[in-house]
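Remarks on the structure that follows.
Protein chains get the first letters and strands the later ones, always in sequence-line order, with residue 1 at the start of each.
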Number of protein chains: 2
Amino acid sequence: MKIQESAENYLETILVLRQRIGNVRSIDIVNEMNFSKPSISYAMKQLRENGYILMDESGYITLTDKGMEIAERIYERHKVLTDYLISLGVDEDVAREDACRIEHVISPKSFEMIKKAYKESQNR
Amino acid sequence: MKIQESAENYLETILVLRQRIGNVRSIDIVNEMNFSKPSISYAMKQLRENGYILMDESGYITLTDKGMEIAERIYERHKVLTDYLISLGVDEDVAREDACRIEHVISPKSFEMIKKAYKESQNR
DNA sequence: GTCGCAAGTTAGTCACTTCTAACCTGGTGA
DNA sequence: TCACCAGGTTAGAAGTGACTAACTTGCGAC
């Protein structure tokens, strides 16, 4: 199973919520992403069955190693791309939205080059 | 009807093919995009019915003003993003592929800022 | 003339990602 | 204790964007 863009977003959101509120349940993801409960329920089922997350009896969600790897990759892209766009003069909100879409479609190589360019611009 | 990402790609391809080979038919788009004939046939029907292209009796395709506007916008993004990524050290092939995905999801504002940054880097 | 091929279309299907409607379940307050 | 509510699930549907199989059509070679 190839990981899909939507799955990347869910995993990233789980990571962000874990950092922000600690224990994460499906309903927290519902509130964060503004999707319906069934959408999240279905998505979590897919992520569970494909080994990206674990859910305990109470519904608390943790990322597996496999899930964490993806979540961290996407989240790093999110942060770097957002900061980079802001540094070019883009409004924070727009920068975040664009980062959220670009993070899923950019190649590792292009991302690394943008990251490098951004870091260098910071050191000047 | 909100224009979809796939429609943007078809319109851009029509513009590129027009510049490269002159008269464009569905089969030329099939060969360029590596989609099946029915996929292109169906897509052209949608574009036709929504006023983005015209087809004459022989199947030759032209962009309407509405279609041309989109095609040119996407194509400009494609060129600028590709050149920009190349200028950061990304291989041409990868740069083109990334540009082709980013061009559909980036906001006008972020694109303009990247374009500006790229132009400025060229003048140094 | 007719055979065959190139171009195009129609019909049916599938995966992905979301939705609404309706239901289940377990804990808590009165 | 029991009724309700928060959290979660199942079932069915919809939109997007692709596919294969099978058909039509028109033109050119022989």
First locate atom CD of Gln122(A), then atom CG of Asp83(A), and finally report the distance between them rounded to the nearest 0.5 Å.
->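 One gets 8.0 Å once the value is rounded to the nearest 0.5 Å.
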
Within the supplied structure, the quantity of interest is the number of heavy atoms (other residues, nucleotides, ligands) at a distance under 6.0 Å from [X] [atom1]; does it exceed 12?
| X | atom1 | answer |
| --- | --- | --- |
| Glu5(B) | CD | yes |
| Lys66(B) | NZ | yes |
| Tyr118(B) | OH | yes |
| Asp65(B) | CG | no |

Test item: Asn23(B) side-chain N/O and Tyr60(B) main-chain N/O as donor-acceptor pair under 3.5 Å =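 No, because the side chain of Asn23(B) does not come within donor-acceptor range (under 3.5 Å) of the backbone of Tyr60(B).
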
Would you check if the side chain of Asp91(A) reaches a backbone N or O of Asp93(A) as a donor-acceptor pair within less than 3.5 Å?
->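 A pair under 3.5 Å: no.
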
For DNA chain C, the dot-bracket pattern of Watson-Crick and G-U pairs whose distances stay under 3.5 Å, | for other-strand partners | ||||||||||||||||||||||||||||||

In this structure, how many angstroms lie between the [atom2] atom of [N] and the [atom1] atom of [X], rounded?
| X | N | atom1 | atom2 | answer |
| --- | --- | --- | --- | --- |
| Tyr10(B) | dT16(D) | OH | P | 13 Å |
| Arg101(A) | dT17(C) | CZ | C1' | 17 Å |
| Glu8(A) | dT17(C) | CD | C1' | 14 Å |
| Gln4(B) | dG17(D) | CD | C1' | 10 Å |

Under 4.0 Å between a side-chain N or O of Ser39(A) and OP1 or OP2 of dT17(C)?
->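 Answer is no, no contact under 4.0 Å.
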
Can you find a side chain N or O atom of Ser36(A) that sits less than 4.0 Å from OP1 or OP2 on dT18(C)?
->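 It does not, given that no N or O in the side chain of Ser36(A) lies less than 4.0 Å from OP1 or OP2 of dT18(C).
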
If we only count heavy atoms from C-beta on, is the Ser26(B) to Met55(B) side-chain gap below 4.5 Å?
->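 Yes. Closest side-chain heavy atoms under 4.5 Å.
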
Side-chain heavy atoms of Glu76(B) within contact of Glu72(B), under 4.5 Å =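 Answer no - side chains too far apart.
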
Which is true for Tyr60(A) with a 4.0 Å heavy-atom rule: it touches a base, it touches only sugar-phosphate, or it touches nothing?
->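 No contact at all - Tyr60(A) keeps every heavy atom at 4.0 Å or more from the nucleic acid.
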
Sort me out a list of protein N/O and nucleotides 9-13 of chain D N/O pairs below 3.5 Å, or just none if empty.
from	atom 1	to	atom 2	distance (Å)
dT9(D)	OP2	Ser41(A)	OG	2.7
dT9(D)	O5'	Ser41(A)	OG	3.4

Picking from dG8(D), dA7(C), dT18(C), which would you name as closest to the side chain of Phe35(A)?
->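 When the side chain of Phe35(A) is considered, dT18(C) is the closest of dG8(D), dA7(C), dT18(C).
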
